[in-house]
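This report concerns only the one structure given below.
Nothing here was measured: the structure is a model prediction, and the numbers come from that model. Lettering follows sequence order; numbering is per chain, from 1.
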2 protein chains.
Amino acid sequence: MNEPRYQRRKDDRPAEITQAAFSTFVEKGYAGTRLEEVARRAGVSKGLLYLYFKTKEELFKSVVKNFVVPRLHELETTIASTDLGAEAFLRGPFVDFAHTITRSPVGKIVRLLVAEGPKHPDLLQFYWDNVVSRGIKMIGALLEKGVAAGEFRRSPVTEQPLLFIMPVVFSVIFRLLFGKQDVDTDRLIDTQIDLLITQLKGSTK
Amino acid sequence: MNEPRYQRRKDDRPAEITQAAFSTFVEKGYAGTRLEEVARRAGVSKGLLYLYFKTKEELFKSVVKNFVVPRLHELETTIASTDLGAEAFLRGPFVDFAHTITRSPVGKIVRLLVAEGPKHPDLLQFYWDNVVSRGIKMIGALLEKGVAAGEFRRSPVTEQPLLFIMPVVFSVIFRLLFGKQDVDTDRLIDTQIDLLITQLKGSTK
DNA sequence: TTCGTTACTGACTCATTGGTCAGCAAGAAT
DNA sequence: ATTCTTGCTGACCAATGAGTCAGTAACGAA
């Protein structure tokens, strides 16, 4: 007769709660996020959160794991299945990715990571292993491919994939902080990548 | 007979409290900083803090004002009084500055700014006006000087001084987060600056 | 229908801490 | 010495929010 007040949906709860936490973290920041509010958005009680996630920190890790890592995965997949040359890939899909991520909510999680990282060493370790380190390797491999194909010459740049990652991270953060000052982060990214490629293609001296 | 329990030192208190706040913020982060502890380190009672600084946020602003801004000032002074050419200045004093700031406690304040910025819009505005904007102008002027002296040619790089600032900010943050992974941030900075200068000196096509 | 399991609720606890203020005492003025 | 001003103290308050747990009800099994 009466509607049930709730349904048991053990399997879906973690994903739903993580989704709610993602939006809330993005809007309110880590410290600013009330678990009460996460619960409300997920349509559950606060107590239930603690059944699936031991602490607030656990919940944050779940967000990083489920929303940031997959993005990198996409890029890895794209790179693996592309038939573009190294230069074309960098100027095309990679730059697009950089522009997109700069505006995406995922970018805000990156900022949160900067903000909260030092307080959560194991989260940083996880992020290093699953995002940064793999990102570096990915670019590194791409540059090697370029060298092998005779597109690029070796130089300090081929040894430092971070030079490609730097403008992406910088733009994400810069835009979040000073977005209202209308700095053209897209152009910054474009110029940097162009610069790097020019250097890579310059004749060996 | 008895030692006085405290001395009245109206003039020195703000500086002493700001100094204590600086160390505490650097060690504990913004949210992690207890005003009680700041008071203890400054050798005063918690109540006195509120006589000189209305809120915790005010105190944080004071730290930025007194510890970050002066650093930029130094660089501006150096640049104004140097007789080095633009290239020599960038490769010398500027790169030194970048290496130093990367390891300095001041760097940690920059990270705090990233972390706390969005919650304190007027702090961000202050920082933009007094640090970022001036930094950009400073580099911009230096590049112009180089162009005027015939050292550099115009290119997208001369229009985007941020390309020089980017590796500094990135290194500061990256080192704070992933310092244990021994990434050579100095080399990153060197390569980037070298790259930019190479581009600036390349012949006009 | 009855029973047992357990997903789920929500009122509660309790540590934490930014901020206040009534009063005290240092040191200047007289 | 005595008085006055005010820099300074520290006990206190009010709010906040993470985390708990005894009890409730959904729902599958028998």
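Atom CZ in A:R40 sits about 14 Å away from atom C1' in D:dG17, given to the nearest Å. Rounded to an integer number of Å, the gap from A:K54 NZ to D:dT20 C1' is 15 Å. When the C1' atom of C:dC8 is taken as reference, atom CZ of A:F53 falls 15 Å away, rounded to whole Å. Following rounding to the nearest Å, B:L35 (CG) and C:dT16 (P) show an atom-to-atom distance of 16 Å. As rounded to whole Å, 3 Å separates atom P of C:dT17 from atom CZ of B:R34. Per the geometry, CG belonging to B:L59 stands 16 Å off P belonging to C:dT17, to the nearest Å.
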N/O to N/O distances under 3.5 Å, protein versus nucleotides 10-15 of chain D:
none

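Pairs passing the salt bridge (charged side-chain N to carboxylate O under 4.0 Å, His left out) check and including a residue from residues 132-142 of chain B, sequence neighbours excluded, read B:E76-B:R134. Among pairs with a residue in residues 84-96 of chain B, those fulfilling salt bridge (charged side-chain N to carboxylate O under 4.0 Å, His left out) read B:E87-B:R91, B:E87-B:K201, B:R91-B:D194, at least two apart in sequence or across chains.
Between A:E159 and B:R187, none of the side-chain N atoms (NZ, or NE/NH1/NH2) sits under 4.0 Å from a carboxylate O, so this pair counts as no salt bridge. Electrostatic pairing of A:D186 and A:R103 counts as a salt bridge here, judged by a charged N lying under 4.0 Å from a carboxylate O. Using a 4.0 Å cut-off between a side-chain N of Lys or Arg and a carboxylate O of Asp or Glu, A:R154 and A:E144 qualify as a salt bridge. Taking 4.0 Å as the cut-off between side-chain N and carboxylate O, A:K108 and A:E27 do not count as a salt-bridged pair.
Between B:Y50 and C:dG19 there is a side-chain polar atom (N or O) within less than 4.0 angstrom of OP1 or OP2.
Proximity note for A:Y52 (side chain, C-beta onward) versus D:dA18, C:dT9, C:dC8: the nearest is C:dC8. Side-chain proximity of B:L51 to D:dA18, C:dG18, D:dC8: nearest is D:dC8.
In the region residues 6-20 of chain A, proximity to DNA chain D at under 4.0 angstrom, judged on heavy atoms, holds for A:Y6, A:Q7, A:R8.
Listed by chain and number, the residues in a salt bridge (charged side-chain N to carboxylate O under 4.0 Å, His left out) with B:R71 are B:E74 (sequence neighbours excluded). Remark: A:F60 engages A:F25, A:Y30 in a ring-ring contact (aromatic ring centres under 6.0 Å, His included) (not counting sequence neighbours).
Side-chain N or O atoms of A:Q192 include none that pairs as donor or acceptor with a backbone N or O of A:F164 at under 3.5 Å.
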